[in-house]
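A short write-up of the structure that comes next.
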There are 2 protein chains.
Amino acid sequence: MSKPTPLTIKDIARNLGVSISTVSRALKDHPDISSETKIMIKAYAEEVNYRPNVLALSLRRQKSNTIGLIIPAIVHHFFSSVISGIEDLAYKEGYNLIICQSNENHHREAINLQTLVDHRVDGILVSLSKTTQSFDHFREAIDNGIPIVFYDRVADEIESDKVIMDDFEGGRIATNHLISRGCKNIVHLAAPQHLQIGKNRRNGYCEALKSNGLEIREDRILKCDTREEVMTLKNHMLNLAPEIDGIFAVNDSTAIAAIQILQNNNYRVPEDIAVIGYGDGPNATIINPELTTIVQKGYEMGRESIKLMLRRLNNPAADINFQTKSFKPSLIIRQSA
Amino acid sequence: MSKPTPLTIKDIARNLGVSISTVSRALKDHPDISSETKIMIKAYAEEVNYRPNVLALSLRRQKSNTIGLIIPAIVHHFFSSVISGIEDLAYKEGYNLIICQSNENHHREAINLQTLVDHRVDGILVSLSKTTQSFDHFREAIDNGIPIVFYDRVADEIESDKVIMDDFEGGRIATNHLISRGCKNIVHLAAPQHLQIGKNRRNGYCEALKSNGLEIREDRILKCDTREEVMTLKNHMLNLAPEIDGIFAVNDSTAIAAIQILQNNNYRVPEDIAVIGYGDGPNATIINPELTTIVQKGYEMGRESIKLMLRRLNNPAADINFQTKSFKPSLIIRQSA
DNA sequence: ACATTTTTTGCAAACGATTGCGAAAACGAT
DNA sequence: ATCGTTTTCGCAATCGTTTGCAAAAAATGT
């Protein structure tokens, strides 16, 4: 009952009375090996269910066939969709995934990075944590020759492939929709402004107001992008409520939390106040009224990210130009706005 | 602009004019090395930001410090909570995670298993896919000396550590609650019966009926455990609806889908038909009426799973008895029942 | 000054695989 | 039988690290 050590190419060689190199070559159909020998060795390997040691291979090849993934919070539906999109393609191409969670924490993110670099992953896919405001940890990976692809929450300062949504446009479309149904006093529940994503959606919101001749009021822009934060700002929001007729929330769960607070205080959605979200997660059709929102295709974005990465990994020689792939947002109109 | 190969212990040795082994020993405070030399080597290593090659280490130690995780579907909130629980502790103990998705597919699960075995992970955490009905692939891992911990959806046939909920009790409590509020004709939307989880919750449901003198009717037990399936069975459910006054669904999203169908057809929940779910995910408080449900602690279950694993890995010699850790379900009463 | 002990260091094998190069075996041609 | 090819295979280095053992250097005792 001791540790059953998996058998190696060496064991096969010994048992078959040939050399290690012969076994190695036979198993990969090297022309130098006679077909007799090949057949014999392959049959035996099959019989004993030989499996090459990936660790040894990685060391030898200086390539781990592993891709690192840093996710702010895996429990968010958007991010877990991204994972699915990445995984499908990565496995198909023979890559494994090491997934790390930053938990929206800058420091944790840096540690994740270091872990992945230490593991000699071939590439890293990252979406920034909310608290990340400097980017040296990414430079280190790049200096080590590990390509990075940012998805969704990207670092402008770093040159790399990126997969984003056109968040400016998303914010614009969403706000425009509210305006088109008659809203004139629209609150924006915004993400942190040091995130591109937060800034862009907000700018889209502002642009829509401006181009429709509506005033942009700072007091109508609240930094508030989680359900919990909505609950904290409950009173503030209820103070605002009498004067407003629309809310553009930076994500669905924030929108939903807002709807619940409004409803509990006898505001009707959308009649008194229309609410629009961002993301189109599964919650959108559970709330009543069903949520009008901007679709954010997590699976597709994940897929695109890994595609960019694979393209780079499969052409190690070519110094491919960095590319930014941008997804166009689309509005899905339901009942809340 | 070629591939910048990270520097090794060998580079340090050369640059410092000492031997490789001296560097190795100095870096890990081996007593054989004079403190002078140690200080010098450590300082230099620090300066050039030396990082040991994890791959080489794993090969040498015959231990990858990596744990494999097989998840049926990462987008389910319960499972992503489990991941979080696992991750926190695993990283703290210096283990990395390779996460694979089976997508509820037996074949994919077997491939995942093989991948993890190939990577010489130190242990594997698994929750069965819905379609898994044989278990040889797990045997292979075990034969290779890789310990397995099953969580939530476990394989009875395999001897190993397990982390489960008392699903029988959960089904009983849920059903009892419906009965206690006056329901006499209760439908059960059940998971596949080859999963313990499905069988146990169903048995709990039956037990509650029986001990309350209610008849168990097979036609009131539907295999139906996703939102999509509810939609497919819509007409069937509406046929049942006039005769029933309660539904016990095997998970929240099924319960929610049922509520939506009932409401769209002018049944009141809970007045006409009470509905109870299972899981207590974030959706439970979004639906109106808010969902009465059984809490399923994903994070804690994940945490417990990795604990069992670490205990085993940290005592490789001791042949620790297999243990099954069972979580008690609790009922959280809201509005839907 | 020399033997003996102690401290400090280096050599080389090992982990499991790949691969350049040289050598043995087989074959054919003369 | 001899030589030249061609086919088939094995030696040994390599990837980055650890570690048993022996060797070199320094310290100690007489």
Side-chain angles (χ1 to χ4, degrees), chain A residues 3-42 44-45 48-66 94 117-122 144-145, chain B residues 3-42 44-45 48-66 94 117-122 144-145:
Chain A
K3 45 266 140 193
T5 147
L7 57 80
T8 73
I9 218 176
K10 203 181 290 187
D11 300 318
I12 298 185
R14 183 163 14 83
N15 294 348
L16 254 36
V18 296
S19 81
I20 294 180
S21 28
T22 302
V23 176
S24 172
R25 283 191 258 252
L27 290 178
K28 42 180 35 192
D29 264 333
H30 192 288
D32 270 10
I33 306 294
S34 72
S35 51
E36 279 181 283
T37 322
K38 271 185 197 168
I39 292 177
M40 168 183 90
I41 294 182
K42 281 185 183 172
Y44 184 77
V48 298
N49 190 26
Y50 164 75
R51 304 240 101 216
N53 185 321
V54 177
L55 266 46
L57 278 179
S58 301
L59 180 58
R60 176 69 227 247
R61 295 213 239 274
Q62 295 288 73
K63 181 159 191 325
S64 64
N65 264 59
T66 299
V117 172
D118 284 354
H119 271 77
R120 307 294 195 264
V121 295
D122 299 326
N144 273 290
Chain B
K3 45 267 141 195
T5 148
L7 59 81
T8 74
I9 218 176
K10 204 181 290 187
D11 301 318
I12 298 185
R14 183 164 12 84
N15 295 347
L16 254 38
V18 296
S19 81
I20 295 180
S21 30
T22 302
V23 177
S24 172
R25 282 191 260 252
L27 290 178
K28 44 179 36 194
D29 264 332
H30 192 290
D32 271 11
I33 306 294
S34 72
S35 50
E36 280 180 282
T37 322
K38 270 185 200 168
I39 291 177
M40 167 184 90
I41 294 183
K42 281 185 184 173
Y44 183 77
V48 298
N49 190 24
Y50 165 74
R51 303 240 102 216
N53 185 320
V54 177
L55 265 46
L57 276 180
S58 300
L59 179 59
R60 174 72 227 241
R61 297 213 183 106
Q62 295 287 76
K63 182 160 190 324
S64 64
N65 264 58
T66 298
V117 173
D118 285 354
H119 272 76
R120 306 295 195 264
V121 295
D122 298 327
N144 273 291

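In what follows, chains are A, B, ... by sequence order, proteins preceding strands, each numbered from 1. Just so it is clear, the structure is predicted and the values come from calculations on it, not from any experiment.
In this structure B:Lys42 satisfies the salt bridge (charged side-chain N to carboxylate O under 4.0 Å, His left out) test together with B:Asp29, sequence neighbours excluded. In this structure, A:Arg61 has no salt bridge (charged side-chain N to carboxylate O under 4.0 Å, His left out) partners at least two apart in sequence or on a different chain.
The line from CD1 of B:Ile41 to CG of B:Leu16 is 6.0 Å long, rounded to the nearest 0.5 Å.
A:Ser58 has no side-chain polar atom (N or O) that falls below the 4.0 Å cut-off from OP1 or OP2 of D:dC15. Contact annotation: B:Tyr50 reaches the phosphate of D:dT17 (side-chain N/O to OP1 or OP2, under 4.0 Å).
Distance, A:Asn53 CG to C:dG16 C1': 5 Å, rounded to whole Å. Between B:Leu59 atom CG and D:dT19 atom C1' there is a gap of 15 Å when expressed in whole angstrom units. With rounding to whole Å, A:Leu55 atom CG is found 10 Å from C:dG16 atom P. Between B:Arg61 atom CZ and D:dT19 atom C1' the separation is 12 Å, expressed in whole Å.
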Can you tabulate the close N/O pairs, meaning under 3.5 Å, that link protein atoms to atoms of nucleotides 11-13 of chain C?
unit_1, atom_1, unit_2, atom_2, d
C:dC11, N4, B:Ser21, OG, 3.0

Identify the pairs formed between an N or O of the protein and an N or O of nucleotides 24-28 of chain C at a distance under 3.5 Å, and give each distance.
none

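Contact between A:Leu27 and A:Ala45 at its shortest, heavy atoms only, is CD2-CB, 3.8 Å.
Remark: of the listed residues A:Ile39, A:Asn15, A:Val23, A:Asn15 is the sole one forming a side-chain contact (heavy atoms from CB on, under 4.5 Å) with A:Tyr44.
At a non-hydrogen distance threshold of 4.0 Å, A:Ile9, A:Lys10 from residues 9-18 of chain A come into contact with DNA chain C. Residues of residues 27-36 of chain A that place a heavy atom closer than 4.0 Å to DNA chain C, in numerical order, are A:Lys28.
Between the side chain of A:Asp118 and the backbone N or O of B:Arg51, no donor-acceptor pair lies under 3.5 Å.
Contact annotation for B:Thr8: backbone-only contact, meaning every heavy-atom pair under 4.0 Å involves sugar-phosphate atoms and none involves a base.
Mapped onto DNA chain D by nearest heavy atom, B:Thr22 and B:Ala56 fall at different nucleotides, with B:Ala56 at the one closer to the 5' end.
With both pairing distances under 3.5 Å, D:dG29 is matched to C:dC2 as a Watson-Crick or G-U wobble pair.
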> Between A:Thr66 and A:His119, does a side-chain contact (heavy atoms from CB on, under 4.5 Å) hold up when you go through it step by step?
Replying inline: CA-CA 9 Å; A:Thr66 299; A:His119 271 77; over 6 Å; no
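When distances are taken from the side chain of A:Gln62 to each of D:dT17, D:dT8, D:dC15, the shortest belongs to D:dC15.
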